[in-house]
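As the structure lists them, so they are numbered: ligands from 1, and atoms in each ligand from 1.
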Amino acid sequence: MTHTFYRDTWADIDLDAIRHNVKQLKNLYPSPKNVYAVVKANAYGHGDIEVAQAALEAGADKLAVALLDEAIRLRSHFPHIPILILGRIRPEQAPIAAAHNVMITLYQAEWVEQAKAYLDEPLDVHLKIDTGMNRQGIKSADEAYAVLTAMQSSNLRLKGVYSHLATADEDEHVVLTRQMTRFKTYLQEFDGYISEDVEVHLGNSAGSMRFPNEMFDSVRFGIGMYGLYPSDLVAAETGIPLKPAFSLQSRLIHIKKISPGETVSYGATYTAEQEEWIGTVPLGYGDGWIRQLQGFHVLLEGKEYPIVGRVCMDQFMVKLDRYMPVDTPVTIIGEQEDAFVSVDDVAHHLDTINYEIPCMLNERIPRVYHHKKD
Ligand SMILES: Cc1ncc(COP(=O)(O)O)c(C=O)c1O
């Protein structure tokens, strides 16, 4: 939630961009297909309650999270919206999930047997099938039957069956086809168990954006909702115009001219070759702006300037080409005049994926929510 803050660095979250992105997907999935807004990990670092609210306003039907804790927090704000926990909860926590009316994921017969001892009320569950991710889920029809048989004498009600794709964002078909085929084979196998109201779902953003006709009853829309593409391939192939919701802003808190031979920051890893203007920006690895971002760049007055010297816990330094006053706006991620630094640019510098960037910029950075007009 937005609250008063005093620091000079903050993340701007554009809730209209979230709404726009959900609408793009909803265009592919008009009712009765359901769109789950995936808001785990504090909505990929964007703010769970605010993003969930915007997503629901734009037509998302349900919410998905990883943890029971995340589900309970959302439930207190959204009393009537279906919420699915994608991760595993412990069997003794089943009554807590039931009391909060959240749906859980299960895939172990022993789990069902253990949960029975605790559960007095009905609890809605989705059966997770592992079609090739090898993370969570039943691995054979026998395992599935063991789960479904154990459920027959319990308060657990089968509401969904799903799987998760490992390579839907990639230019490869072997794993993807194998997963899709396995999923369909399981569904045929369980025909007698799966009633009309059991929800079948498979797609993440990549799957749902690329293969809208193969996505069964529902899709789980995560990264795309934040305006980030699962990969360049998905962007190019689908052409779906997404708008990034996350930007990161700061202000210069200090500026000084240093002489040739002077060094900057811990370890003296940067040495000035001539007289140079060095600005200080109040963001550091204590915020998740990690030391590997030395050598990356930020925007001041619409132009890129390099981060020089080691990134500290609370600050980093930037080499400027002229004097700029204290309080000069610094855009770390986002648009400034005609220049732009994207989440993908940061991810590329760090040799990682865009998902990781807003997640790693931690709660020490306040989130400020905006409703920009299109
Ligand atoms: C089971 C499951 N479904 C859906 C998603 C959403 O994926 P994406 O952010 O690629 O849309 C995730 C995210 O990791 C997930 O673990």
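Relative ring orientation between Trp10 and Phe5 is described as tilted, the plane-to-plane angle lying within the 30° to 60° band.
Looking at His164, Arg135, Met209 and measuring to atom 12 (C) of ligand 1, the nearest heavy atom belongs to His164.
Within ligand 1, the atoms closer than 4.0 Å to a non-hydrogen atom of Ile223 are 8 (P), 9 (O), 10 (O), 11 (O), numbered from 1 in the order shown.
Taking the six-membered ring for Trp and the full ring otherwise, Phe296 and His349 have centroids separated by under 6.0 Å.
Geometrically, ligand 1 and Tyr162 share no nitrogen or oxygen pair separated by less than 3.5 Å. For ligand 1, the polar-atom distance check finds an N/O of Arg220 within less than 3.5 Å of one of the ligand's N/O atoms. Considering both main-chain and side-chain atoms, Gly222 comes within under 3.5 Å of ligand 1 through a nitrogen or oxygen pair.
Atom 10 (O) of ligand 1 has Tyr355 OH, 2.6 Å as its closest protein atom, hydrogens excluded (heavy atom only). Of the protein's non-hydrogen atoms, Lys40 NZ, 3.0 Å is the one closest to atom 13 (C) of ligand 1. The shortest contact between atom 11 (O) of ligand 1 and any protein heavy atom is with Ser205 OG, 2.5 Å. Atom 7 (O) of ligand 1 has Asn204 CB, 3.5 Å as its closest protein atom, hydrogens excluded (heavy atom only).
Residue Met225 places no heavy atom under 4.0 Å from ligand 1. Using 4.0 Å as the threshold, Tyr44 has a heavy atom nearer than that to some atom of ligand 1.
Salt bridge absent: Glu199 and Lys33 never bring a charged side-chain N and a carboxylate O closer than 4.0 Å. Salt bridge annotation for Glu70-Arg73: absent, with no cationic side-chain nitrogen under 4.0 angstrom from a carboxylate oxygen.
A donor atom on one side chain and an acceptor atom on the other are found under 3.5 Å apart for Tyr270 and Glu276.
Listed by chain and residue number, Arg310, Cys312, Met317 satisfy the side-chain contact (heavy atoms from CB on, under 4.5 Å) test with Ser265 (two or more places apart in sequence, or in another chain). With sequence neighbours left out, Ala235 forms a side-chain contact (heavy atoms from CB on, under 4.5 Å) with Tyr229.
Shown are Thr131, Asp130, Thr167; of these, the side-chain hydrogen bond (donor to acceptor under 3.5 Å, both in side chains) with Gln179 is made only by Thr131.
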